[in-house]
Amino acid sequence: MKVKLPGWGFGLQLLLFYRFLSTLGLSMNDSSPEFMKAYEPQGVEDAIYQKWLDSGYFTPENLPDFAERKEVFSIAMPPPNVTGVLHLGHSLENSLMDAMARYQRLLGKKVLLVPGTDHAALPTQARVEKMLMKDGLKNPRQELGREGLVAKIREYAEQSRSTILSQIKKMGTSCDWSRLAYTFDEPRNVAVNELFKRMYNDGLIYRGYRVVNWSVKGQSTFSDDEIMHVERAAKLYTFKYGKDFPIAIATTRPETKLGDTAVAVHPDDERYQKFIGQTFTVDVGAAEPLKIKIIADQNVDPKFGTGALGVTPAHSAIDFAMYELQKMQGNPIEIIPVIGKDGKMTAAAGQEYVGLNVEEAREKFVAWLRAQDLLISEEDITQNVATNDRYGDVIEAIPMEQWWLDVNKTIPQMGKSLRDLLREAVTSGLNGEAAQKVDISPERSIKIYLDRVESLRDWCISRQIWWGHRIPVWYKDGEMVVSEVPMGEGWVQDEDTLDTWFSSATWTFSTLGWPKQTADLATYHPTSWMQMGSDNIYLWMMRMILMSAYALQQIPFKEVYFHGILRDDQGRKFSKSLGNSVDPLEVIAQYGCDALRVSLLVGNTPGNDSRFSEERVGSARNLVNKIWNISRYISMNVGELRHVELVFPKTLTDKWILGCLAQTVEKVSKLFDQSDFSLATEILREFTWTDFADWYLEIAKVEKGKDDILNYILERLLILWHPFMPFVTEEIYARFNNGMLLVAKWPDIEDLKEVTSSVDHLTFTNLQATISAIRNIRAEYQVTPKQLVDVVLSDKEILAYSDIIIALAKVRYLTVGVKPEQAASAVVGFAEVHVSLEGLVDTEKERTKIEAELVSTKKYIEVQTMKLDNADFVSRAPEKVILGEKAKLAEAIDKVTKLEQQLSSMK
RNA sequence: GGACGCAUAGCUCAGUUGGUUAGAGCGUUACAUUGACAUUGUAAAGGUCGGAGGUCCGAAUCCUCCUGCGUCCACCA
C-alpha cells in the first residue's frame, strides 16, 4: 500500500531536480551516489521522506516479513492542537516518539505510530475569537451566530491542521498516515457519543447545580485543571454585618457578602460556641435582608483572622461544600447568587448594586460599611486569584446547572469507582492484573499522580463554547434522549459542548476504531509507550487512564515517559512574550533535521527540563557530518560499500573494535528499553568518534585488509544511529544497495559476542596509552606533528604493534632498550616510554615533572597501603575489590621504582 | 500550608544497586592541518562533588539537619 498525501509535492520536485543534476553528471546514479565533502541535509531530506512514504513501511501491515514479526509496538501520537504551528516542544516529542518507533521497527516488531491532531475546543475558539475581534468584530458570537462562528473556526483549524501535518513530516516522523486521525472527525465523534451514553447509563454522568469556574470573557465553564492561580495585590477587609451582629468576619471580596447566608466557626471555639445554631437577620442593602446562620465547621481555622468565616455558598467552592454539608445534615442554609454570568451584580444584590461590575460593587459596599461604622480594619495583602490563560480574565465562582462526571460512584458492572480505577492503573494494575499496569518514568511522578487521584473532585464536562463535540442529549417537552438523534419533530439538542479533554482522553482507543471491536484494537491496544510533558499528568494522562479503564478495562499505554520542558540557553521558558521562540523549520533549514533531533535528545532525561541552544544544534550537526565523513572515507577506501554478514577479526585491533561494538550495541539496546535517549546518544557518540574514527580508522590506515570489517561496522553503526538521525543514515545506507535502512535489522549481540569472545583489552589499552604518552611528550616539547621522533620502549610486548605506534605517534625509529641520554620519559602501566629529544630536553623541567609525579604516586601508595592494612577492609570488602586495589598498589609501587630510576639517571 | 525535585570543571550535564587517583560535550590554552572531515586532529589546564553532622572497612552515591534555586498542588476566608 502506498501512501501519498496532498501537499507533498516538494519532495517529488527535489527528486526531479536531482535526476536533472545526474543527467549533467553532477550527481551519480541512484545505486551509489558519490559522497560530497560535507553532508548537505537540505538537498536530501524531503526526497528520503518521500521514499519512506512510497515504501509504505510506516503502515505496519506493509512491513517486510509481516507475519514473522511477532511482537507489537504501538504509540498513539499526542495530537498537537490545531491552534497554530509546531514549536520546539513538538519537535522534541516527535524526536522521542520517532526514535523509539524506529528502534522497535529495527528490532523486528510490528510498529504502529498513529498520527493525529486535536481540535482543542476552547483554545482554538478563544484564538479565533481573538483574531476576529482584532479584525473589528465586537462580539463574534453575537455577530456571526453559532453556525457562522463555527465555520470560521473550522476554516482556521483546517489550515492550521495541514500546516502541522506537514511539519510532522519535516521532523521525519515515521507515522502511519493511512490511520491519520483527528479528535473532531466523525469516527471520534461516534466514540465520544458512545462513551457519553455508557457513562450516562451507568449513572456516572449527571446534571447538577453547583458552583463552577466561570470565565466572564469566555462565557464558559472551565475545569479545575484548566485554571491557574496568579498573585495579585488585594485588600483584606474585616467588618461586621451589623451593629448588633456578634461576630466580625474578614474578606477580600466584600461584594460577595451581599449573598452571605451563614457564618462558620470552629465547633470548639469558645468565643463563638454559644451562637452556633442561631440565625441573625441583617440588612446590608441587598434585595432582601440577609438571614445569617451561625454554623460549625471543622475546617475553619480559629487562629486565622477573627476565627469566623462569612459563608457565601453561591460564590465560593468551599462555601458551597459547606452549604451541601448543611443540607445533608438536615440543617440547610440558603444560597443567594449575587453575581451573574455577565460578571455583573444580580437583582438579588439589591437596587443599589444591580448591574454594577464586581469592582464597582466592592467599592460601594466598602463605602457603605465605612459609613455605617461597621468596617473594623483593612489590610494590604497579596492574594492568589484564579485565572485562565485562554481568555485571560479572572475566574468567578458561580452556581449553575452543568454536566458532571462522578468519580466516586460505584460503576455497576465493576463494583468500583472511576477513582478506584485511576488508582489501580498505576499500583496493582487494573483488577490486580500486572499486565494492566502503567509504568511511569520518572518514578516520582507516580506519587504526584496518586496524590491527585485522592483529592479528585467530580469533573465538569460541559462547556458553553461552540467549537467541540456537542453534548449528545436532546430535549422535548420535558423529555430527554441521550446519544441518538431521536425520531420525530421538535427535539432540541443541548446547547453545550464537551470539554475538549473528554474526546482527547479516548485517543488511544478511538484512533483504533472503538467502539467497534476492530482488529486494530485487539492488536495495538493497550499501546506500548507514551511520552508527554509532565504538565500533562492531570490534564491528559489521568483522563486517558480513566476513559480507557472504563471503556475497555484496559490501560491506555504500558509505559509513559514524562519529559521536562525545553528552556533557552539562559534557562528561560520559550515564550512569545519573551521573544525567544525558535521555529523548528528554520533550524531544520539551516542545520538539518537530524542535527535538530540529536540536539533535542542529548541531555533530555525523564522529568527534567533541558536546554536548547543553537550551539547545541551546531555540535549535533558536526556529529552528523562526522558520520558522513567516516562513511565517505570508508567508501573511498573499500571501493564500494556492501553488506557483510559475518566477519573474522585477524588482529588485536580488530578484536578490540568489534568488542567495543558489541558493548555499544548491548548498552544502547538496554538504554532504549529504559527510554534513556540521552545516555544512548552519548554512548554511541563515544564509540563513533573516539573508538571508531579516532583510533580504529587511523589504525586501518596502517594495518590493511580491513575492508570487510569496515563495511561490517559501518553498516551496523548506521543502524544504531538511525533512530536518532534517520535521514543521513538512510542517505548513506543507500550506498550499501541492501534495501532500506528503515527496515534493516538491529545488530545481533550474540553474533558479536561470539566474534569477540577472546578480546585482549589490556594489551590494546597499553598500546593506546603508549601512543598517548608519546603524543603527550611531543606536545609538551612542542615537537611539530611533521617532525618524527625516536622512541625507546622498555617492554617488547608492545613492539608487535610498532607499525601502529610509528604511524599514530609519528615515530622514526622504535626500539626496545634503556633510556637514552637526551630523552623525556613516561611510565605506562608496568612499562616505560622514552622519547629521544636531542638537544630539546629541559632537564630541570623533566626533573620537576618526575618529582611531582613521585609525590602524588607515593601519596597514593600510602593511602592504598593503609586501606589494605585495614583488617576491617580486608575482612569485609568483596574479594574482587581487594584484588583490584592490590593490583593498583602494585602498579603504583612499580611506577615509583621506575620514576626514581629515571631521576637518578638524570644526574 | 502540603508535596516533589535540583545543587558535581567557566557553561550544560553524566555518574545505574555505596568499592575510580570523579567523567563527557561546549568553552579556554598550546601546537598543527595539500591527507575522509577547518563541521578537523593531538595534547593540556580546570573540581576539597552546596554546607554541617551521621551510618559504614569504604560516601558524589545512603540517613538527618541547614542553605540556595526551581516545580506542582491547596488556598487563609
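If you're wondering where the values come from, they're calculated on a predicted model, not measured in any experiment. Numbers restart at 1 for each chain; the letters A, B, ... are given by sequence-line order, proteins then strands.
- Computed from coordinates, the A/D872 CG to B/rU55 P distance equals 14 Å when rounded to whole Å.
- The distance from atom CZ of A/R778 to atom CD1 of A/I774, rounded to the nearest 0.5 Å, is 9.0 Å.
- Among the nucleotides B/rC56, B/rA77, B/rU21, the one closest to any side-chain atom of A/Q864 is B/rU21.
- Rounded to an integer number of Å, the gap from A/N604 CG to B/rA14 P is 10 Å.
- Nucleotide B/rA77: unpaired (no Watson-Crick or G-U wobble partner with both distances less than 3.5 Å).
- For A/R876, counting side-chain heavy atoms from C-beta on, the closest listed nucleotide (B/rC57, B/rA74, B/rA36) is B/rC57.
- Across every strand in view, B/rC49 sits unpaired, with no contact that passes the Watson-Crick or G-U test at under 3.5 angstrom.
- The separation of B/rU33 from B/rU42, taken at their P atoms, amounts to 15 Å, rounded to a whole angstrom.
- Both A/Q674 and A/Y860 lie close to RNA chain B; mapped to their nearest nucleotides by heavy-atom distance, the more 5′-ward contact belongs to A/Q674.
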Give me the distances for all protein-to-nucleotides 1-6 of chain B N/O pairs that come in under 3.5 Å?
residue, atom, partner, partner atom, Å
B/rC4, OP1, A/K447, NZ, 2.9

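- Nucleotide B/rU34 is matched to nothing when pairs are restricted to Watson-Crick or G-U wobble geometry with both distances under 3.5 angstrom.
- Comparing atom distances between the A/T605 side chain and each of B/rA14, B/rC57, B/rA36 picks out B/rA14 as nearest.
- Across every strand in view, B/rC72 sits in a pair with B/rG2 that passes the Watson-Crick or G-U test at under 3.5 angstrom.
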- Task: Let me have a per-nucleotide readout for nucleotides 24-31 of chain B, 5' to 3', with B, S or -, counting only protein heavy atoms under 4.0 Å.
- Result: -SS---SS
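- Using N1 to N3 plus N6-O4 or O6-N4 for Watson-Crick, or N1-O2 and O6-N3 for G-U wobble, each under 3.5 Å, B/rA44 pairs with B/rU28.
- Under the Watson-Crick or G-U wobble criterion, with both distances below 3.5 Å, B/rG58 has no partner in any strand shown.
- Under the 4.0 Å criterion applied to side-chain N and carboxylate O atoms, A/R735 and A/E731 are assigned as salt-bridge partners.
- If you take OH of A/Y696 and C1' of B/rG41, they are 20 Å apart, rounded to a whole angstrom.
- The closest side-chain heavy-atom distance from A/F727 to A/V624 is not below 4.5 Å.
- The six-membered or imidazole ring of A/Y696 lies away from that of A/F687, with a centre-to-centre distance of 6.0 Å or more.
- Taking the side chain of A/H229 as heavy atoms from C-beta on, and the options B/rA44, B/rC75, B/rU71, the nearest nucleotide is B/rC75.
- For A/E698 and A/D319, each mapped to the nucleotide of RNA chain B holding its nearest heavy atom, the one lying further toward the 5' end belongs to A/E698.
- The partner of B/rA14 is absent, by the rule that a Watson-Crick or G-U pair needs both atom distances under 3.5 Å.
- At a threshold of 4.0 angstrom between heavy atoms, the contacts of A/A877 include nucleobase atoms, whether or not backbone atoms are also involved.
- The base of B/rC76 is not paired with the side chain of A/D301 by any donor and acceptor separated by under 3.5 Å.
- The pairing partner recorded for B/rA7 is B/rU67, the criterion being a Watson-Crick or G-U wobble arrangement whose two distances lie under 3.5 angstrom.
- To the nearest angstrom, C1' of B/rU16 lies 13 Å from CD of A/E443.
- With rounding to whole Å, A/D594 atom CG is found 19 Å from B/rU39 atom P.
- Distance check on atom C1': B/rU61 versus B/rU8 gives 12 Å, rounded to whole Å.
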